[in-house]
Amino acid sequence: HKVAPALAVGTSMIIKPAPQAPGAALLLQKLFEEAARELSDPSESIPLAMLQTLPCDNAVAEKAVTDSRITILSFTGSAAVGFHLQSKAIGKRVLLELGGNASVIVHSDADLKRASQRCASGALGYAGQTCISVQKIFVEESVAHEFEQLLVSEFKRTQYGDPSRADVVVGPVIDTKAADRLSGWISDAKKSGAQILTGGNRNQNIIEPTLLKGVPENQPLSCEEAFGPVAVLETYRGFETAISKINQSKYGLQAGVFTQDARLIALASRDLDVGGVLINEIPTFRADHMPYGGVKQSGLGREGLRYAMEEYCERRITVVWGRA
């Protein structure tokens, strides 16, 4: 998402991977070096220094953010860290792909079975550890009971545990701190009156696929980013009410809408305050060539090959008077 567009426009870069998971970035570095050495045409040569991967402490990485030789910061992570880095990157272009609590609207005319399957997949894939993981699901009251039964069934049949097993979808979250936070949020929601429809248990750093309903709006599971295999189910009466509830969030990355009504599709596309609206699909969908990014505390700028290339460049105009 970041490296390919940067290479395409000919800019050098430094990758600073997350301390908890540097492996993928180091493998990418290795692939880059192998590809660069295989180029036989000198005119197509790429300096190995063009891409450098530096696993380091966050405090060390901040020095690069403030260095005058760095002109662009493209960051993916939490809103707190992203906006903190923005405050340090004075005079630089800043692109932020931050968090969310991605919502889905399931209207009464939707294919409820498919919607339940997609919502469960979006909430539980990668153990919910993506910024567009399905977290809040708004279903119209008239079909709420039927949809709830379907969704609970999907959550219950999703295998969790040892990620080395081929049938396991939900493995452990990234570390004990994350597991402590999630289990604490689930407990707090239950104490505040929420009902756990399925799940809620924890085994070391593995959180059982968990679905709740009746979670108060001020609870973290409702208004913050869970970043785990947990989703919240709510009901609504009017379609506009569902849109309004989603727009109350401080986040605005992507949202999904399941309906066959063209008028409601147009309404959702116009009024949802998010960076992307997915019709009859979950907000967890992303294609590399689409403009991807959010609004509000979900970030600044857009990724996607063409759009990231534009973000990495400065427009220049040349005006010629008379004959050149």
Side-chain angles (χ1 to χ4, degrees), residues 1-56 58 60-62 64-65 67 69-79 81-82 85-86 89 92-100 102 122 125-126 129-133 174 227 253-254 274-278 281-295 298-316:
H1 297 142
K2 301 181 186 294
V3 171
L7 289 173
V9 299
T11 185
S12 57
M13 74 210 83
I14 299 170
I15 301 177
K16 189 276 179 190
Q20 304 96 324
L26 292 170
L27 287 172
L28 180 62
Q29 177 75 46
K30 182 180 178 181
L31 288 171
F32 165 79
E33 293 175 358
E34 291 175 356
R37 290 192 179 100
E38 287 177 3
L39 290 173
S40 56
D41 187 343
S43 66
E44 297 178 351
S45 63
I46 301 175
L48 292 179
M50 191 171 181
L51 174 62
Q52 300 179 59
T53 302
L54 301 177
C56 61
N58 290 346
V60 175
E62 277 195 26
V65 174
D67 193 297
R69 293 168 292 179
I70 303 296
T71 58
I72 299 173
L73 167 66
S74 181
F75 172 81
T76 295
S78 70
V81 175
L85 292 176
Q86 183 189 30
K92 305 178 190 295
R93 176 169 292 185
V94 178
L95 310 175
L96 300 176
E97 297 297 337
L98 307 177
Y126 307 101
Q129 296 173 113
T130 72
C131 49
I132 42 179
S133 175
I174 190 66
F227 218 70
L253 193 44
Q254 295 198 146
V274 294
V277 178
L278 288 298
E281 185 53 281
I282 52 176
T284 320
F285 174 86
R286 179 180 182 181
D288 287 334
H289 59 275
M290 66 185 254
Y292 172 83
V295 297
S298 286
L300 304 167
R302 292 294 179 268
E303 290 185 345
L305 299 178
R306 168 187 171 184
Y307 305 95
M309 288 168 68
E310 292 177 351
E311 297 278 14
Y312 292 165
C313 295
E314 294 287 353
R315 292 189 181 274
R316 176 182 297 156

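Below, all heavy atoms of this structure are taken into account, side chains as well, without hydrogens, waters or symmetry copies. Index from 1, following the sequence.
Residues passing the side chain to side chain donor-acceptor pair (under 3.5 Å) test with Gln52: none are found, sequence neighbours excluded.
A pairwise comparison of heavy atoms in Cys131 and Gly99 identifies CB-CA, 4.3 Å as the closest pair. The two residues Pro22 and Pro19 come nearest to each other via the heavy atoms CD-O, 3.6 Å. In this structure, Cys313 and Val9 approach most closely via the heavy-atom pair SG-CG1, 3.7 Å. Of all heavy-atom pairs between Gly301 and Leu95, the closest is CA-CD2, 4.2 Å. Of all the heavy atoms in Leu48 and Arg37, the pair that sits closest is CD1-NH2, 3.7 Å. Residues Pro55 and Leu26 come closest through the heavy atom pair CG-CD2, 4.0 Å.
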- Check against side-chain contact (heavy atoms from CB on, under 4.5 Å), Leu51 and Ile15: CA-CA 7 Å; Leu51 174 62; Ile15 301 177; 3.5 Å; yes
- Task: Walk me through it: do Phe285 and Gln254 pass the test side-chain contact (heavy atoms from CB on, under 4.5 Å)?
- Result: CA-CA 9 Å; Phe285 174 86; Gln254 295 198 146; 5.6 Å; no
- Could you walk me through whether Leu85 and Leu96 pass side-chain contact (heavy atoms from CB on, under 4.5 Å), step by step? CA-CA 10 Å; Leu85 292 176; Leu96 300 176; 5.7 Å; no
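For the pair Glu97 and Lys2, the salt-bridge criterion is not met [side-chain N within less than 4.0 Å of a carboxylate O]. In this structure, Arg302 does not pair ionically with Glu310, as no charged nitrogen and carboxylate oxygen lie closer than 4.0 Å.
To the nearest 0.5 Å, atom CE of residue Met309 and atom OG1 of residue Thr11 are 12.0 Å apart. Taken from CD in Glu34 to NZ in Lys30, the straight-line distance is 5.5 Å, to the nearest 0.5 Å. Here the CG atom belonging to Leu300 is positioned 12.0 Å from the CZ atom belonging to Arg93, to the nearest 0.5 angstrom.
Contact annotation: the side chain of Ile174 approaches that of Gln129 to within less than 4.5 Å [non-hydrogen atoms, C-beta and beyond]. Using a 4.5 Å heavy-atom threshold, the side chains of Pro17 and Thr53 count as touching. No side-chain heavy atom of Leu253 sits under 4.5 Å from any side-chain heavy atom of Val274. Lys16 is not listed as a side-chain neighbour of Phe75, based on a closest heavy-atom distance of 4.5 Å or more. In this structure the side chain of Tyr292 reaches within 4.5 angstrom of the side chain of Ile132, judged on heavy atoms. Between Thr71 and Lys92, every side-chain heavy-atom pair lies at or beyond the 4.5 Å cut-off. Under the 4.5 Å side-chain criterion, counting only non-hydrogen atoms from C-beta, Arg286 is not in contact with Thr130. Counting only heavy atoms from C-beta outward, the side chains of His1 and Asp288 approach each other to under 4.5 Å.
Judged purely by atom type and a 3.5 angstrom limit, Ser74 has no side-chain atom pairing as donor or acceptor with the backbone of Val94.
Within 6.0 Å of the OH atom in Tyr307, the count of heavy atoms belonging to other residues, nucleotides or ligands exceeds 12.
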